[in-house]
Amino acid sequence: MSGEVSATGASPRAPRPGTQKSSSTVTKKGDRGAKEKPATVLPPVGEEEPKNPEEYQCTGALETDFAELCTRSGYTDFPKVVLRPRPHPTSLPSASLSEKPTLDDQRLSGSCSLNSLESKYVFFRPTIQVEQEPEDKSVKEIYIRGWKVEDRILGIFSKCLPPLSQLQAINLWKVGLTDKTLATLIALLPLCSPTLRKVSLEGNPLPEQSYHKLMAQDSRIAHLSLRNNNIDDHGAQLLGQALSTLHNCNRTLISLNLGFNHIGDEGAGYIADGLRLNRSLLWLSLAHNRIQDKGALKLAEVLRPFELTHTEVVERRRLLLEKGTQERLRSPSSSRHGDSKTDREKNQLAGASSVALVDKTDKMQTVKTPKSLGKKKEKSGEVVKKEEKSGSGQSPTQGTPKKEDSTKAGKGKVTIPEQKPIKGKGPKTGSKEKRSILLESEQLVAETTEMVNPLLEPVEHRDGKVFMPGNKVLLHLNLLRNRITEVGLEGFLIVVQYQAQFSKSKSMSKGPVGLLWLSLAKNCFSMQCPMYTMIQELMLPRDPISKAKLREEEAMAFST
């Protein structure tokens with residue numbers, strides 16, 4: 001009882017009814033300092049939370065807004081907003097100077113850090129690190145590392161993050177997320193600027209493994225990192241279903257990092273199932289997991305022609321029937337993008353003879369198709385029709401996917417040195433080549449919002465079975481440090497040989513399609529294995545980074 005009395009009086013904003021209790025704390029000066037900290041979580045402070053923070057209008061200056069909202073919410077000690085330390089750029093100018101001042105500076109800073117506890121432990125204090133745009137100093141990335149982010153802090157973020165018009169990335173590393181706080185974070189993301197496309201949640205294992213909710217249909221996230229989260233086969237199943245199912249498909253996610261988790265063969269199979277009908281993911285890392293030959297072969301299977309299941313065949317026939325009926329109804333029209341209701345009614349009357357050719361059962365199926373599917377196929381119907389007329393054996397992709405796949409891989413492979421003037425934003429942190437390819441591909445995915453369903457791609461019929469061309473959109477696959485032997489390696493050799501052969505036959509297109517990177521090192525086979533050597537040789541001419549280096553060397557040799 002005495003603890004409550006002293007703590008309540010420590011808060012300067014305590015209600016007036018507690019006057020007698022506060023007077024008792026004044027006499028106990030020794031206890032006052034020890035009892036001050038819990039005041040931030042007491043009910044009287046919590047009662048003020050809905051009132052005061054709501055009155056404050058955020059200005060878009062994160063440091064000021066966050067500090068003010070924390071103070072109004074009752075926090076006496078809260079993390080400071082600081083610029084993210086950049087050790088590499090600061091070391092570059094010192095290298096151009098003489099060595100003597102550099103050594104002296106190092107000794108000076110070393111002696112300071114040893115003698116001063118303040119400087120020694122300042123690195124470990126909770127902070128919100130930010131990166132800013134060089135022109136207008138607006139916040140573009142947020143980094144939070146090593147301190148627990150609770151619901152109240154997320155509530156403060158929900159007020160001070162939306163005004164940040166240039167925010168591009170949120171990175172949370174070991175912040176003690178729970179399934180509940182993740183749901184709060186997911187609800188916050190749509191409130192932020194449309195420029196927010198990257199989310200990194202590393203070192204935040206969740207009991208329910210609800211990371212797949214970040215990949216919902218309405219999600220804007222293009223780059224998602226979930227490293228070191230203890231994701232197992234169940235979590236991989238949820239993520240695979242979020243990539244694609246028979247009726248739903250994620251169309252915004254471009255890169256997914258699942259490295260340093262506990263995904264085994266079963267989980268790799270679920271991810272492979274997600275890649276069957278997904279045509280937006282370009283970059284996938286499954287490095288440092290527990291994938292063996294069974295899972296590796298499942299991943300390799302979807303990257304070359306694979307057999308459709310019975311349910312996929314049924315869905316394909318339904319989509320073809322729907323597309324054909326819509327084309328017949330739209331064919332008399334001069335408009336390419338659809339007509340008004342009156343024009344469509346006229347078209348139905350004019351095309352009655354052609355529609356009569358369709359069976360009554362087919363008519364019933366067409367009527368029952370969802371409106372959303374019908375809308376998605378309307379714009380791309382004519383492109384698909386032209387592609388199918390050219391012959392099913394002519395190309396393994398059709399319509400929009402064909403252009404998208406080839407341009408993605410082609411631009412990423414051929415025009416890397418010319419990316420800088422086109423983008424205008426300059427290189428970002430990390431590999432310039434990889435980032436330029438991902439940014440270029442992100443634009444392509446954004447432009448092709450009306451993507452043709454992969455089930456409508458031209459297929460091949462063999463022995464009464466239907467085979468799809470396979471996923472050729474995935475550019476980068478990282479399987480470093482798993483448990484793959486030569487058995488699984490052989491599956492990827494077949495994939496690389498098939499994709500290399502296909503790119504040769506399509507040399508007139510803008511570039512190759514399929515894998516440009518394949519990382520299989522540090523697995524359970526010898527690096528001198530003939531199959532691994534063959535894969536390396538086949539991948540070398542496809543790797544845009546090695547081609548860029550060759551161009552640089554040739555340019556240097558020519559200039560000298």
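Computation of the quantities below employed the complete heavy-atom set of this structure, encompassing side-chain atoms and omitting hydrogens, waters and symmetry-equivalent molecules.
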Original post:
Got a second to check how far Leu477's CG is from Asn471's CG, nearest 0.5 Å?
Top reply: 10.5 Å
**OP:** Give a yes or no on whether the backbone of Gly176 and the side-chain of Lys148 come within a donor-acceptor separation of less than 3.5 Å.
**Re:** yes
**OP:** Considering only NZ, NE, NH1 and NH2 on the basic side and carboxylate oxygens on the acidic side, decide whether Arg279 and Glu457 come within less than 4.0 Å.
**Re:** yes
Original post:
Would you say the side-chain atoms of Arg276 pair up with the backbone N or O of Leu246, donor to acceptor, closer than 3.5 Å?
Top reply: no
Subject >> Lys137: salt bridge (Lys or Arg N to Asp or Glu O under 4.0 Å) partners, not counting sequence neighbours >> reply: none
Subject >> Side chain proximity check, Gln166 to Val139, heavy atoms < 4.5 angstrom >> reply: no
Original post:
Checking Arg197 side chain against Arg220 main chain: does a donor-acceptor pair fall under 3.5 Å?
Top reply: yes
Original post:
Just wondering, do Ile271 and Leu284 contact through their side chains at under 4.5 Å, heavy atoms?
Top reply: yes
Original post:
So, Thr184 versus Asp151: side-chain donor-acceptor pair below 3.5 Å or not?
Top reply: yes
Subject >> Note, Leu515 side chain near Met539 side chain (heavy atom, < 4.5 Å) >> reply: yes
Subject >> Rounded distance (nearest 0.5 Å) linking atom OG of Ser193 with atom CG of Leu164 >> reply: 8.5 Å
Subject >> Non-hydrogen atoms of Phe66 and Pro79 that approach each other most closely >> reply: CE2-O, 3.3 Å
Subject >> Nearest-0.5 Å distance that lies between atom SG in Cys70 and atom CG in Asp65 >> reply: 11.0 Å
**OP:** Please round to the nearest 0.5 Å and tell me the distance separating atom CG of Leu303 and atom CD of Gln499.
**Re:** 6.0 Å
Original post:
Under the 6.0 Å and 45° cation-pi test, does Arg481 pair with Phe260?
Top reply: no
Original post:
Out of Glu131, Glu141, Gln132, which residue meets the side-chain hydrogen bond (donor to acceptor under 3.5 Å, both in side chains) rule with Arg84?
Top reply: Glu131
**OP:** State, without any angle test, whether Ser244 and Asn250 hold a side-chain donor-acceptor pair at a distance under 3.5 Å.
**Re:** no
**OP:** Please examine the side chains of Leu455 and Leu277, heavy atoms only from C-beta on, and report whether any two atoms are closer than 4.5 Å.
**Re:** yes
Original post:
Is the closest side-chain donor-acceptor distance between Glu202 and Ser225 under 3.5 Å?
Top reply: yes
Subject >> Atom pair CD1/CD of Ile291 and Glu266 - distance to nearest 0.5 Å >> reply: 12.5 Å
Subject >> Side-chain donor or acceptor of Asp136 paired with backbone N/O of Ser138 under 3.5 Å >> reply: yes
**OP:** Using a strict cut-off of less than 4.0 Å between a Lys/Arg side-chain nitrogen and an Asp/Glu carboxylate oxygen, indicate whether Arg72 and Glu68 qualify as a salt bridge.
**Re:** yes
Subject >> Cation-pi, Phe157 ring and Lys159 (6.0 angstrom, 45 degrees) >> reply: no
Original post:
Is there side-chain contact between Leu201 and Leu226, with at least one heavy-atom pair below 4.5 Å?
Top reply: yes
Subject >> Check: Leu238 and His234 side chains under 4.5 Å, non-hydrogen atoms >> reply: yes
**OP:** Supply the atom-to-atom distance Asp232 CG to Asn261 CG, rounded to the nearest 0.5 angstrom.
**Re:** 9.0 Å
Original post:
Does atom NZ of Lys522 have more than 12 heavy-atom neighbours from other groups under 6.0 Å away?
Top reply: no
**OP:** Kindly say whether Leu69 contributes a backbone atom to a donor-acceptor pair with the side chain of Ser73 at under 3.5 angstrom?
**Re:** yes
Original post:
For the side chain to side chain contact (heavy atoms under 4.5 Å, CB included) test, which of Lys213, Met215, Gln209, Glu208 pairs with Tyr211?
Top reply: Gln209
**OP:** Keeping the roles fixed (side chain from Trp147, backbone from Thr127), state whether a donor-acceptor pair exists under 3.5 Å.
**Re:** yes
Subject >> Modelled atom types, side-chain donor and acceptor of Asn478 and Trp517, under 3.5 Å >> reply: no
Subject >> Criterion side chain to side chain contact (heavy atoms under 4.5 Å, CB included) against Ile128, the qualifying member of Ile153, Val149, Ile142 >> reply: Ile142
